[in-house]
Visitor: 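First the structure, which I've put down as structure tokens, then a few questions once you've had a look.
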Amino acid sequence: MTTDASPVRVVGTAGHVDHGKSTLLTALTGMDPDRLREERERGMTIDLGFAWVKLRSGGDIGFVDVPGHQDFIRNMLAGIGSIDAVLLVVAADEGVMPQTREHLAILGLLGIERGVIALTKRDLVDDEWAALAVADVRAALRGTALAEAPLVEVSSTARLGLAELLGALERVLGDAPARRDVGRPRLPVDRSFTMSGFGTVVTGTLLDGSLSIGDEIVALPGDRRGRIRGLQTHRRSLEVAQPGSRVAANVTGIDKQDVSRGMVLARAGSLETTNLVAVRLALLASASAALEHDEEVKVHVGTAETMARVALLEGPAIAPGETAWAQLRLADPVAVAVGDRLVIRRPSPSETIGGGAVSDLATVRLRRRAETVAALERRIAPSAASRLLASLDAPRTPAEAAVRSGLSPDERDAATSELVRDGHAVLLSDALVSRGAFEALATHALRICAKAHRATPLRAGASREEVRSALGLPAKRFAAFVERLVADRRLAERGSALALPSHQPRLSEDQERHWLSARAALAKDPLQPPSPAQLETEHGLDREVIAALAERGDVVRIGTEAVFLPEAVTRFARAVVDELATSGSITVARARDLSGSSRKHVLPLLQFLDDRGLTRRHGDDRILVLTPDTARERIASFAHQGEDDQ
Ligand SMILES: Nc1nc2c(ncn2[C@@H]2O[C@H](COP(=O)(O)OP(=O)(O)OP(=O)(O)O)[C@@H](O)[C@H]2O)c(=O)[nH]1
Ligand SMILES: [Mg+2]
């Protein structure tokens with residue numbers, strides 16, 4: 001088994017029907033890409049074909065051969081998507097024909113910018129005719145990315161120019177950038193079949209990461225899970241298949257009927273499927289008519305095709321040659337990544353009309369609004385940091401945000417630290433959120449508090465849980481969010497409530513009057529105060545008002561059933577501490593006699609002193625924990641401390 005990664009590059013053919021694509025590949029590789037009986041009988045390619053050749057430089061070129069006939073253009077689109085370079089075939093005797101132009105337009109829409117032109121059937125024409133054909137081809141290429149591509153005159157039957165052609169391909173591929181590896185392998189399936197003794201085999205050009213034997217995978221869309229049992233590139237068995245190579249994967253756990261062209265094998269959880277794709281759509285200048293809002297088109301992306309409605313986000317139509325933002329609402333879900341190129345066609349009469357790069361996989365329908373377009377514009381911004389930022393409209397883990405913005409792990413990490421350092425994004429526990437979205441969450445939280453203060457001025461604030469669920473943040477992110485606002489003094493934590501820092505629970509005039517009369521009753525015999533029930537029936541002071549009074553420090557609640565004025569508690573504490581300073585210990589009965597209180601009240605009051613860390617039990621008695629002086633200092637701050645534990 002081979003484990004080394006000898007470079008594999010993929011070249012796709014393109015060109016009009018019968019111009020000699022398949023014959024040329026046979027001449028170059030010794031393999032006939034037309035593998036179907038019908039293809040051999042009709043002398044015409046119907047579906048994708050595959051062949052490969054070993055280069056002198058060591059690497060392989062894998063060829064994807066496409067049909068030229070316009071009836072099979074969907075098969076051409078399934079094969080041409082993820083190639084490194086194109087081999088554009090034009091027959092010298094016919095020159096540029098309709099599918100030469102249509103394929104060229106598709107290459108432009110898919111962003112395929114490298115290639116070699118083969119002027120085939122050179123044996124059928126004289127030099128003068130050949131020169132005219134070359135001029136014809138160059139004219140057709142003008143203004144395209146292939147304008148300067150090398151052109152080689154060949155004859156497959158006479159085997160002329162083949163070595164020169166391979167040399168030209170090798171040079172063009174030498175300049176091609178390395179394939180992207182973001183550690184999220186995906187294999188858009190172009191064929192699936194069964195092999196006796198092996199089971200299901202799927203083939204495709206691997207993207208975005210390497211696949212290894214034993215990898216667990218899922219077939220998307222859907223939830224069929226399986227495992228990679230074997231891997232081959234160009235019939236060589238491998239442990240690990242590299243991104244950018246042609247791969248045949250033997251898969252266990254997924255039946256042949258559950259995986260077909262258009263689906264994608266990926267690691268579970270690494271790729272989403274979606275029905276809503278935002279794209280800056282370019283309409284070809286050659287399109288026969290403008291693209292109207294809500295028009296139905298066929299979308300080709302990866303190896304998949306599906307019908308879709310075009311929701312235009314900038315106006316009622318796109319004229320030929322123009323571009324505009326659109327959201328494609330797909331009839332069937334597709335598994336695609338941000339940055340993938342797609343092509344749209346009119347179903348009938350069938351015509352390639354445009355395409356673009358996927359810039360957002362939304363879960364919501366986008367509306368025609370200026371902000372929508374502005375947000376999409378940011379998604380295609382040149383810098384990694386601004387693209388990442390554009391995907392942080394809600395808290396997301398850096399990994400989730402990277403998937404949405406099509407960044408590699410390295411780009412993601414650099415962009416994350418840049419955004420956090422410059423204050424453009426805020427970290428909330430495991431998640432990152434844009435400063436703008438953070439401010440929106442903060443405003444929402446502060447509004448909820450302000451509303452709670454208006455509705456229930458007596459309460460400490462809005463319940464934490466209420467705010468959390470209104471913002472839809474998970475507990476950890478919410479805790480980090482609150483911590484930040486509290487640190488910035490924009491929010492205050494009051495027990496289990498959240499409040500605006502300026503908020504003080506406030507009594508109404510009636511309640512203030514009730515409080516005055518209750519206060520007089522509490523002051524009459526401060527250490528034998530009326531019970532909360534009496535305060536309510538006799539003075540109209542309910543528990544909520546008592547809680548508010550305790551919060552402001554006007555009363556101290558001790559235990560569950562007693563309310564004292566703060567000075568009563570201080571007086572009791574002083575009496576106890578004075579006694580302890582002289583005699584060392586005190587009994588419940590002595591405390592009662594000294595303070596003039598009752599046993600019912602003395603027990604919780606003594607417990608309160610224990611809880612405050614002044615005293616502790618010693619048998620039936622209490623003894624001092626602190627020096628008398630420190631204990632006296634503590635007593636001064638009782639009134640407010642009493643509330644913390646309630
Ligand atoms: N004389 C001559 N005939 C050629 C040459 N290359 C191809 N042909 C012939 O042209 C015809 C079409 O060739 P194919 O290779 O099937 O053409 P194709 O581009 O693959 O066609 P589609 O796949 O249907 O689009 C066949 O009969 C070939 O034998 C050549 O260099 N010289
Ligand atoms: Mg062919």
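The first residue in the sequence is number 1, and the count goes up from there. Since we're looking at a predicted model, the values are computed, not measured. First listed ligand is number 1; within each ligand, the first listed atom is number 1.
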Visitor: Side chain, backbone, both or neither: which part of Asp123 has a heavy atom under 4.0 Å from ligand 1?
Guide: side chain
Visitor: If you count the non-hydrogen atoms of other residues, nucleotides and ligands that lie under 6.0 Å from CD in Gln257, is the total more than 12?
Guide: yes
Visitor: What protein atoms of element N, O or S are positioned under 2.8 Å from the Mg ion (ligand 2)?
Guide: Ser22 OG, Thr45 OG1
Visitor: Considering only non-hydrogen protein atoms, determine which one is nearest to atom 18 (P) of ligand 1 and report residue, atom name and distance to 0.1 Å.
Guide: Lys21 N, 3.4 Å
Visitor: Can you confirm, on distance only, whether ligand 1 has an N/O atom lying under 3.5 Å from any N/O atom belonging to Gly20?
Guide: yes
Visitor: Please list the nearest protein heavy atom to atom 31 (O) of ligand 1 with its residue and the distance rounded to 0.1 Å.
Guide: Ser156 N, 2.9 Å
Visitor: Keeping Arg114 on the side-chain end and Ala85 on the backbone end, is there a donor-acceptor pair under 3.5 Å?
Guide: no
Visitor: Check ligand 1 against Ser155 and write out every atom of the ligand that is under 4.0 Å from a heavy-atom position of the residue.
Guide: 31 (O)
Visitor: Polar contacts were defined as any N/O atom of the residue lying under 3.5 Å from an N/O atom of the ligand; does this apply to Pro67 and ligand 1?
Guide: no
Visitor: Going by the order shown, which atoms of ligand 1 are within less than 4.0 Å of some heavy atom of Gly68?
Guide: 22 (P), 25 (O)
Visitor: With no hydrogens and no angle check, is any side-chain donor or acceptor of Lys21 less than 3.5 Å from a backbone partner on Gly15?
Guide: yes
Visitor: Looking only at protein heavy atoms, which one is nearest to atom 5 (C) of ligand 1, and what is the separation?
Guide: Lys121 CG, 3.6 Å
Visitor: Check if Val17 has a non-hydrogen atom at a distance under 4.0 Å from any atom of ligand 1.
Guide: yes
Visitor: Taking N or O atoms only and a 3.5 Å limit, does Thr157 qualify as a polar contact for ligand 1?
Guide: yes
Visitor: Glu411 side chain to Ser408 main-chain N or O, any donor-acceptor pair under 3.5 Å?
Guide: yes
Visitor: Starting from atom 13 (O) of ligand 1, find the nearest protein heavy-atom neighbour and note its residue, name and distance.
Guide: Thr23 OG1, 3.3 Å
Visitor: Would the distance check show the side chain of Arg280 and the main-chain N or O of Ala324 forming a donor-acceptor pair, the cut-off being under 3.5 Å?
Guide: no
Visitor: Working note: Arg246 + Val64, criterion side-chain contact (heavy atoms from CB on, under 4.5 Å); need CA distance, chi angles, decisive distance, verdict.
Guide: CA-CA 9 Å; Arg246 290 288 313 165; Val64 179; 4.2 Å; yes
Visitor: Rounded at 0.5 Å granularity, tell me how far CG in Leu187 sits from CG in Asp208.
Guide: 11.5 Å
Visitor: Have a look at ligand 1 and work out which part of Thr13, if any, has a heavy atom under 4.0 Å from it: side chain, backbone, both or neither.
Guide: neither
Visitor: Of all the heavy-atom pairs spanning Lys54 and Asp60, show the shortest one and how long it is.
Guide: NZ-OD1, 3.0 Å
Visitor: For ligand 1 and Ser22, I'd like to know whether there is a polar contact (N/O to N/O, distance under 3.5 Å).
Guide: yes
Visitor: Report yes if Asp34 has an N/O atom closer than 3.5 Å to an N/O atom of ligand 1; otherwise report no.
Guide: no
Visitor: Report the residue from Val86, Leu173, Leu166, Val152 that forms a side chain to side chain contact (heavy atoms under 4.5 Å, CB included) with Val116.
Guide: Val152
Visitor: Could you pull out the closest heavy-atom pair between Pro185 and Leu206, with the gap in Å?
Guide: CB-CD1, 4.3 Å
Visitor: If you count the atoms of ligand 1 from 1 in the order shown, which ones are under 4.0 Å from a heavy atom of Met44?
Guide: 24 (O)
Visitor: When you measure from atom 16 (O) of ligand 1 to every protein heavy atom, which one gives the shortest distance, and what is it?
Guide: Gly43 O, 3.8 Å
Visitor: Looking at atom 23 (O) of ligand 1, what's its closest protein heavy atom, distance included?
Guide: Thr45 OG1, 2.6 Å
Visitor: Pull out every atom of ligand 1 sitting under 4.0 Å from any heavy atom of Leu124, numbered as shown with elements.
Guide: 1 (N)
Visitor: Given Leu24, Leu119, Asp18, which has its nearest heavy atom closest to atom 21 (O) of ligand 1?
Guide: Asp18
